[in-house]
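Read through the structure below, which is laid out as structure tokens, and then see the notes.
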Amino acid sequence: MQDAIVALAVFLLAGLFEISGGWLVWQTVREQRPWWWALLGSLVLVAYGFVPCLQPSDSFGRVYAVYGGLFIFLAYLWGWGVDGQRPDRGDWIGSSIALAGVMIALFWPRGEEDDKAAPVSVSQMSPMYNNSQL
């Protein structure tokens with residue numbers, strides 16, 4: 001349970017960094033804010049790149065997939081709270097579906113077999129990448 005709390009806190013921190021950094025750059029480019037807003041936003045985005053490394057999970061793909069679903073919800077909250085753009089029904093439904101997927105991926109009971117699944121090569125995913133056909 002403690003890992004889940006840490007994971008959620010790191011996801012929220014990552015969202016804050018990514019959204020605020022992107023927002024500062026957006027404000028400079030689209031809303032003619034001072035140049036240093038873009039510089040600050042860029043530095044925040046660089047820092048954001050390190051935040052997911054704080055996750056207790058060793059699964060890069062799972063961490064980023066779960067974060068992506070949570071990011072959708074956080075972006076709508078930012079837009080509403082900071083820019084005053086209230087999400088509409090489609091936004092709420094879409095972000096709810098994404099959050100449901102996040103909860104499934106994050107809290108799905110996994111055993112040793114799941115964690116040690118054999119890696120799949122690109123050629124196994126698609127015949128297009130089969131080396132014998134190249």
Side-chain angles (χ1 to χ4, degrees):
M1 181 67 167
Q2 186 172 353
D3 278 352
I5 293 169
V6 169
L8 184 58
V10 173
F11 286 136
L12 293 174
L13 183 64
L16 178 64
F17 275 52
E18 184 178 12
I19 295 168
S20 64
W23 184 84
L24 286 166
V25 172
W26 176 283
Q27 290 297 308
T28 302
V29 173
R30 303 283 295 264
E31 305 294 332
Q32 290 74 48
R33 297 291 196 255
W35 63 269
W36 57 268
W37 281 36
L39 178 63
L40 180 59
S42 298
L43 293 173
V44 171
L45 287 167
V46 168
Y48 151 74
F50 290 91
V51 173
C53 298
L54 302 173
Q55 283 292 352
S57 173
D58 290 333
S59 174
F60 175 84
R62 187 173 296 135
V63 164
Y64 270 81
V66 169
Y67 169 67
L70 187 59
F71 177 85
I72 294 167
F73 180 73
L74 294 174
Y76 284 128
L77 289 181
W78 181 280
W80 189 9
V82 175
D83 289 330
Q85 298 171 343
R86 190 170 192 269
D88 64 19
R89 182 176 296 142
D91 298 331
W92 287 121
I93 292 170
S95 62
S96 296
I97 291 169
L99 284 177
V102 163
M103 293 301 122
I104 291 167
L106 187 59
F107 294 110
W108 188 264
R110 292 182 172 85
E112 285 184 38
E113 292 171 11
D114 293 322
D115 292 336
K116 295 182 181 180
V120 176
S121 70
V122 174
S123 64
Q124 290 173 309
M125 288 189 273
S126 170
M128 181 175 136
Y129 293 106
N130 188 333
N131 290 337
S132 65
Q133 295 177 357
L134 296 178

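Every heavy atom of this structure was used, including side-chain atoms; hydrogens, water molecules and symmetry mates were not.
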Do Y76 and L13 sit in one hydrophobic cluster, given that two such residues count as connected whenever their side-chain heavy atoms are within less than 4.5 Å of each other, even indirectly? no
Out of curiosity, does W36 fall in the hydrophobic cluster containing V46 (side-chain heavy atoms, cut-off under 4.5 Å, transitive links)? no
Throw together a table of side-chain donor-acceptor distances under 3.5 angstrom for residues 20-30, partners on residues two or more places apart or in other chains.
| from | atom 1 | to | atom 2 | distance (Å) |
| --- | --- | --- | --- | --- |
| S20 | OG | L16 | O | 2.6 |
| S20 | OG | F17 | O | 3.4 |
| W23 | NE1 | D83 | OD1 | 3.2 |
| W23 | NE1 | D83 | OD2 | 3.3 |
| T28 | OG1 | L24 | O | 3.1 |
| T28 | OG1 | P34 | O | 3.4 |
| T28 | OG1 | A38 | N | 3.0 |

Can you tell me if D58 has over 12 outside heavy atoms packed within less than 6.0 Å of its CG? no
Answer with yes or no whether the hydrophobic clustering places V10 together with F50; edges join I, L, V, M, F, W, Y residues whose side-chain heavy atoms lie under 4.5 Å apart. no
Would you give the length of the straight line joining atom CD1 of I19 to atom CG of L77, rounded to the nearest 0.5 angstrom? 8.0 Å
Just verifying a value: how many Å separate S57 OG and R110 CZ, rounded to the nearest 0.5 Å? 8.0 Å
What residue pairs, at least two apart or across chains, pass side chain to side chain donor-acceptor pair (under 3.5 Å) with a residue in residues 5-14? none
Side-chain donor-acceptor distances from residues 95-106 under 3.5 Å, at least two apart:
| from | atom 1 | to | atom 2 | distance (Å) |
| --- | --- | --- | --- | --- |
| S95 | OG | D91 | O | 2.9 |
| S95 | OG | W92 | O | 3.3 |
| S96 | OG | W92 | O | 2.7 |

The side chain to side chain contact (heavy atoms under 4.5 Å, CB included) partners of Y64 (sequence neighbours excluded) come to Y48, P52, F60
Hydrophobic cluster identity match, I72 and V82, side-chain contacts under 4.5 Å: no
For W78, side chain to side chain donor-acceptor pair (under 3.5 Å) partners two or more places apart: none
Within 6.0 angstrom of E31 CD, more than 12 heavy atoms from elsewhere: yes
Sorted by chain and residue number, the side chain to side chain contact (heavy atoms under 4.5 Å, CB included) partners of Q32 (sequence neighbours excluded) come out as none
With respect to F11, which candidate in L74, V6, V66, V51 satisfies the side-chain contact (heavy atoms from CB on, under 4.5 Å) definition? V66
By ring pair (Phe, Tyr, Trp, His ring centres under 6.0 Å), which residues pair with F73, not counting sequence neighbours? none
Return yes if a side-chain donor-acceptor contact under 3.5 Å exists between Y67 and Q55, otherwise no. no
